[in-house]
Amino acid sequence: MQVFRMDDLDAERAANQGAYLRFLNERTMSVGLYALDQGGQDPQQPHKQDEVYVVVSGRAYLTVGDETTTVGRGSVAYVPAGMPHRFHHISEDLRVLVVFSPPES
């Protein structure tokens with residue numbers, strides 16, 4: 001079993017001065033923590049893998065393809081591989097668990 005604590009992951013991510021920290025990489029999936037600060041910009045491009053986002057904290061809009069919705073703590077969103085998507089209008093610091101399947105390379 002592996003157990004991770006959000007505060008520790010966020011501190012490690014910040015220490016590495018990046019918005020994303022991959023902390024688990026297994027045969028069929030990988031998991032990371034993505035952080036965007038209030039008012040920040042999301043530069044991501046479509047990925048080759050399916051993704052599931054689990055919003056741990058914060059508030060923002062999420063656009064996937066031509067659909068937009070608000071997300072906040074407890075929101076779970078699925079993004080198919082190759083689909084354009086981004087978080088925007090980030091009104092509270094956003095922390096999101098990202099599950100990629102198959103694992104990101």
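Below, all heavy atoms of this structure are taken into account, side chains as well, without hydrogens, waters or symmetry copies.
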Using the rule that two of Ile, Leu, Val, Met, Phe, Trp, Tyr join whenever any of their side-chain heavy atoms come within less than 4.5 Å, decide whether [X] and [Y] are in one cluster.
X     : Y     : result
Val76 : Ile90 : no
Val54 : Val71 : no
Leu24 : Leu21 : yes
Val98 : Val64 : yes
Leu62 : Leu36 : yes

Check your understanding: Members other than Met1 in its cluster, when Ile, Leu, Val, Met, Phe, Trp, Tyr link by side-chain heavy atoms under 4.5 Å?
Key ->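 Other cluster members: Val3.
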**Study point:** Pairwise side chain to side chain donor-acceptor pair (under 3.5 Å) hits with a residue in residues 83-94, at least two apart
**Key:**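 Passing the test, one end in residues 83-94: Gln44-His85, Glu51-His85, Tyr53-His85, Thr63-His88.
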Under the rule for side chain to side chain contact (heavy atoms under 4.5 Å, CB included), what residues qualify as partners of [X], not counting sequence neighbours?
X     : value
Pro84 : Pro46
Met6  : Leu9, Leu33, Val56, Leu97
Asp66 : none

Exercise for review: Please list all pairs passing the salt bridge (charged side-chain N to carboxylate O under 4.0 Å, His left out) test where one or both residues lie in residues 19-32, with sequence neighbours left out.
Suggested key: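 For residues 19-32: Arg22-Glu104.
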**Study point:** Considering all heavy atoms, the nearest Ser101-Gln49 contact
**Key:**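 For Ser101 and Gln49, the tightest heavy-atom pair comes out as O-CB, 3.8 Å.
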**Study point:** Taking every non-hydrogen atom, the tightest pair across Leu94 and Gly58
**Key:**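 That closest heavy-atom pairing would be CD1-C, 3.9 Å.
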Review point. Can you list the residues that meet the salt bridge (charged side-chain N to carboxylate O under 4.0 Å, His left out) rule with Arg95, with sequence neighbours excluded?
Key: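 Arg95: salt bridge (charged side-chain N to carboxylate O under 4.0 Å, His left out) contacts with Asp10, Asp37.
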**Study point:** By side chain to side chain donor-acceptor pair (under 3.5 Å) - contacts of Tyr78 (at least two apart)
**Key:**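 Once residues adjacent in sequence are excluded, the partners of Tyr78 under the side chain to side chain donor-acceptor pair (under 3.5 Å) criterion are Asp50.
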Practice item. With sequence neighbours excluded, tell me which residues meet ring pair (Phe, Tyr, Trp, His ring centres under 6.0 Å) with Phe100. Key: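 Partners of Phe100 by the ring pair (Phe, Tyr, Trp, His ring centres under 6.0 Å) criterion, ordered by chain and then number, come out as His47.
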Exercise for review: Just grab all the ring-ring contact (aromatic ring centres under 6.0 Å, His included) pairs involving residues 8-27, residues at least two apart or on different chains.
Suggested key: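 Output for this query lists Phe4-Phe23.
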Review point. Would one find more than 12 heavy atoms of other residues, nucleotides or ligands at under 6.0 Å from atom CG of Asn16?
Key: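 Check passes, neighbour count above 12.
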